[in-house]
Amino acid sequence: MNWLRAQNSCMNMNTEIFPRPARSRFVQWLIASIMCVLPVHAEPEAESDPAHLLEEIAQNLGKVESVFAHFVQERHLSIFKESLRSEGCLFFQKPGRIRWEITSPYQSILVSDGRGVAQFERVGEQWKKLELGLADAVQNVVSQIGAIMAGRYTARQRDYSVGAVRTADGAVVTLTPQQPAMRRMINAIEIHLSPDFQTRRVVLRELDGDFTDIRFGGQLINLPFHDATFDRNKPADLNLVLPRGKPRENADGEGLHK
Amino acid sequence: MKRTRRQFVAKVGRNCAALAFLLCMGGCFCQSSFNSWRVSPVTAQDMSAFEAAERSVREAFPPGYRAMQRAIITVKQRQFACDGLLVVTPADGLRLALVSTLGLVTEVRVKGDGPAEVLKVTALFREEWARDFVARDLRWLFAAPVELTPAGRLADGRLVLEGVDQPGNVKARYSCSADGSRWEELEIMKGSRRLFHASFSGYRHITGLDRAIPAEITADAGTHQLHLRIAAIELIEKEGL
């Protein structure tokens, strides 16, 4: 996960920008390649009015009260051939309850009950609650996940501009940072939606060709969650809170677990 | 009962003296704990165990591998969870990318005895922190030491090896199990002061390697504490990334 507002708030708190090392030719080539490839991936159809599409998405996602999804997160780093890959589950309940649980290759829970955020790490046979540093920034990360799952893309227009295109597979919403501090860290956030406007993929494109690709599958919409799902002091075990229901089919779900 | 000003000053003075005494004693105790690795001399019959210990330290990790690490870093009682992608090859040395919930923290490279390189600086982390802490810890924990010599046995029978003297009067010491089969601890000394201490545990076998590797490391660097687990690891057969 790597989200704009959190980074920005973090930078405002205590960080400085340092001169970057010179980019290698390879990195420059990679950036150029990605720039060339992007429009091909998006496969945009003629869209007369992005605002109309965004409104349509917001209307559809406005009916969503809760989402459960499996996810695969891959972080691609330009200087490494391989990616950092993790898998887990997302629970989202309006207005701001989130549980982001990584189940492989390690176990970790990031949970917000809407009032605060907590992080737990599985060490040995026990869950250990962290004395979380930069909790405000982490809370912003969680809020950003919630905003994306709820389709509230236009809520922070001061921070980024919002574009949308309809594609053969659904729609792609692109958030482009507007603040200079944000633009030093990230190029864009792409949100890929299925034809029925489920969030099925989020790509965070950073500078130097790095990107994080999060694919969602096996989504269950508007099912009630166990009360202890979002408990910041002792979140219930995953097996206890996994919702029962038939996931809605989508193309991303098929390819989720490579 | 009213206390006179003189009585009050005298009492404060006594308390300060007591506090100063306790602080001195505390300092003494701390100092003695830093010298806990008091060793008895090496004997001829220890040599095969020391050879095994040297191998255990040098070959604690394979020469080429990529690993995903999960680290909890504690700084001033605040904790940060990070993922680490570590790629190690004989040709390129050790490359580490550190990623937090908030994004990429830094990328560093350590090559043999050469200087550490900070490959990527981000707004989340200062360049000097990447060099002074991340690259330094990476070298101490994961780079195989160049030369080791037997230093002796601890009272509990464990073996202690020493690295070569490094600039700034810095020396690494390694403790291993009594038979030399497992590397257990590392301490970095600057003169008589301990700069860094790490424990290695959670040994587990990985595919393609005939020995177990330490999959859990806890370290105390004074400025920060580190709890690191190797979540996934695979060998790199050929050199290069």
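The analysis underlying the following values was restricted to heavy atoms, covering all of them including side chains, and did not include hydrogens, waters or symmetry mates. Order of the sequence lines fixes the chain letters, A, B, ..., with proteins taken first and strands second; residue numbering starts at 1 for each chain.
Only the side chain of B:I72 comes within contact range of chain A, with heavy atoms under 4.5 Å apart. Using a 4.5 Å cut-off between heavy atoms, B:E107 contacts chain A through its side chain alone, with no backbone atom that close. For a residue to count as touching a neighbouring chain, one of its non-hydrogen atoms must lie under 4.5 Å from one of that chain's; by this rule A:S104 does not touch chain B.
A salt bridge does not link A:E131 to B:K76: none of the charged side-chain nitrogens sits closer than 4.0 Å to a carboxylate oxygen. Look at B:D83 and A:R75 and you find no salt bridge, because none of the NZ, NE, NH1 or NH2 atoms lies under 4.0 Å from a carboxylate O.
No donor-acceptor pair closer than 3.5 Å links the side chain of B:Q79 to the backbone N or O of A:L132.
The shortest non-hydrogen separation linking B:L104 to A:L77 is CD1-CD2, 4.0 Å. Between B:A231 and A:Y106, the shortest heavy-atom distance links the atoms CB-CD2, 4.1 Å.
To the nearest 0.5 Å, atoms CD1 (A:I102) and CZ (B:R70) are separated by 5.5 Å.
Ranked by heavy-atom pairs under 4.5 Å with chain A, the list B:G84, B:A232, B:A97 is led by B:A97.
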Exercise. Would B:R78 and A:L130 satisfy side chain to side chain contact (heavy atoms under 4.5 Å, CB included), going step by step from the backbone distance to the final call?
Worked result: CA-CA 8 Å; B:R78 291 289 167 204; A:L130 302 188; over 6 Å; no
Exercise. Does the side chain to side chain contact (heavy atoms under 4.5 Å, CB included) test come out yes or no for A:E121 and B:R229, once each step is laid out?
Worked result: CA-CA 11 Å; A:E121 293 283 316; B:R229 287 165 288 153; 3.1 Å; yes
